[in-house]
Amino acid sequence: MFSINRRDMILGSFALAGLPRMALADADGFIDIGAFETQVQLVEGNYPKTTVWGFNDSVPGPMLGGKQGERMRVRLINGLSEDTAVHWHGMRVQNAMDGVPGMTMDPVPPQGSFEYDIALKDAGTYWYHSHNRSLEQVSKGLYGVVVVEETAPPDVDHDLVVVLDDWRLSPEAQITDDFGNMHDLSHGGRLGNYIHAVVEPMPARLQANQRLRLRFVNTATDRIMPMVLRGVEGWVVARDGMPLAVPETIGPLTLGPAERVDVIVDVTAGAGGEVLLAFREGDQGYVLTQFPVLAGTRAPRDAVVALPPNPISQIASIEGARTVPVMMGGGAMGGLRSATFEGEEMEMRALVERGQVWALNGVAGLPAEPLFQAARGETIVLKMRNDTAFPHAMHVHGMHFQEVLPDGRFGPHKDTVLLMRGEERAFAFIADNPGKWLVHCHMLSHQTAGMKTWFTVS
Ligand SMILES: [Cu+2]
């Protein structure tokens, strides 16, 4: 029996009031995002403000984006006392704009800046986050959402971003400073004790039969987020930014770290009822946010149709494609006895000492040599196998992939996918974006502790 729990247990809810904070550009066409330490009221009630690291003094940072086909110019200013860099998650950017320090750019030093100039090729929901010491910097709040609007957006009454995060806070609502401890690194990552949803903008005047687009983004470093929606019915229309060819009826909504799901739903609750979002844990649902449904009703609309497709090539066939095995190993209870780290074969004990306990194809940490070198336009099949005791959220930079389904069809375009323990699944993509690209687990504790590799497209 599933029940909704309204007591504030491990969870709180928080929502910002007001208008969408879509950032505006300066006279030179650049939007400045400054990374600074700041204080925000993260937890409601009698808690003190939380010291965070945020872009432009807010968490999430300012909403960025624009219309599909436009360019987005962003100047990152580093107001921190350590290096940083911003990665545009899921956006098919030029390699030099991908924001990976040491691979596509130099890290931005304190007081330094970097100008990103990005063509908005694809409509959809994306996000940006630090890619330098990312476990700590993302945990502290260095992230925000990118919304790229269709040239002809669908007819909805409210278009809302729902940013999910998971914080590990002290009783004084401060971020605990226990980053990178071996238990977190080798198990399910840095899991928090305060899960919340930030909704932007707050929907004013919800009414029966209104249509909402909800853009869910899981910004948590490590937590998988199973969600429950009440008071609405509708369809999943996009995953990881990319429209589905055929919208799906909403089933369980589970977002791994870095995944996005866009839904279009109609309010089925009547006046006096509510639209409610809950975090699901077993047969309990903990309310993250809820909105009252007011008097009045709107005429029902027709069923949702697919969003216009983005200009991304569909995989037609994997005949003749190159298959690259990606064997995920290591972690606690994983049975990995040794792996190569920095060119040296090491026993697990030595790997633990170096904080490198996860491996891809027997290599912990970023290898000197790429996993493969693709010719531009080549079709690559990543045959991933999770030979560990934990789920992993595998992310490919620069290109979206499609799962090769058992019946030979291809799944929707994705940039991040959850692989559960023991799963073996294949993902195909056309290597059409030249440069050096990362493949890594987006559970940032696992990435920090070795689960990463890279490839080139020439
Ligand atoms: Cu992982």
Side-chain angles (χ1 to χ4, degrees), residues 87 89-90 100 127 129-139 143 164-166 168 178-192 195 217-226 240 254-260 324-336 339-341 348 351-352 354-367 371 382-397 401 403 414-427 437-455:
H87 167 61
H89 187 110
V100 180
W127 67 298
H129 63 79
S130 164
H131 216 295
N132 192 60
R133 302 185 67 241
S134 53
L135 170 60
E136 189 166 334
Q137 293 197 0
V138 176
S139 286
Y143 61 79
L164 305 168
D165 200 358
D166 173 36
R168 186 183 289 179
D178 52 350
F179 293 100
N181 72 72
M182 186 44 67
H183 186 274
D184 288 347
L185 296 182
S186 61
H187 291 73
R190 181 183 168 90
L191 301 178
I195 297 173
V217 184
N218 182 357
T219 66
T221 55
D222 295 277
R223 190 185 281 279
I224 298 168
M225 300 270 194
D240 292 354
T254 298
L255 285 86
E259 284 189 305
R260 286 88 64 218
V324 179
V326 181
M327 171 72 88
M328 298 136 81
M333 302 168 281
L336 186 78
T340 303
F341 176 61
M348 201 54 174
L351 292 167
V352 167
R354 286 160 179 81
Q356 299 292 305
V357 293
W358 299 96
L360 295 174
N361 295 345
V363 182
L366 205 62
L371 178 65
L382 298 177
K383 200 168 184 187
M384 295 192 188
R385 182 178 156 80
N386 181 353
D387 194 25
T388 79
F390 293 88
H392 299 284
M394 296 303 287
H395 172 45
V396 176
H397 283 221
F401 49 77
E403 182 163 7
K414 295 271 295 164
D415 57 54
T416 308
V417 66
L418 264 183
L419 267 90
M420 308 313 279
R421 166 182 198 163
E423 277 189 337
E424 182 172 42
R425 293 158 65 185
F427 304 91
W437 304 103
L438 283 179
V439 177
H440 65 87
C441 181
H442 218 289
M443 288 161 170
L444 297 178
S445 296
H446 297 169
Q447 181 209 19
T448 299
M451 196 175 265
K452 56 192 157 194
T453 187
W454 62 292
F455 64 96

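Each ligand, and each atom within it, is numbered from 1 in the order the structure gives.
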A.B. asks: Check for a donor-acceptor pair, side chain of N361 on one end and backbone N or O of P325 on the other, with a separation under 3.5 Å.
C.D. replies: yes
A.B. asks: Does any donor atom in the side chain of S445 or D222 lie under 3.5 Å from an acceptor atom in the other side chain?
C.D. replies: yes
A.B. asks: Run through the protein N/O/S atoms less than 2.8 Å from the Cu ion (ligand 1) and write them out by chain and number.
C.D. replies: H392 ND1, C441 SG, H446 ND1
A.B. asks: Could you tell me whether the side chain of D166 and the main chain of L191 form a donor-acceptor pair under 3.5 Å?
C.D. replies: no
A.B. asks: I'd like to check H131 versus Q447 (side-chain heavy atoms, cut-off strictly below 4.5 Å). Are they in contact?
C.D. replies: yes
A.B. asks: Does the ring centre of H397 sit less than 6.0 Å away from the ring centre of H440?
C.D. replies: yes
A.B. asks: Look only at the side chain of W358 and the backbone of L185, and say whether a donor-acceptor pair between them is shorter than 3.5 Å.
C.D. replies: yes
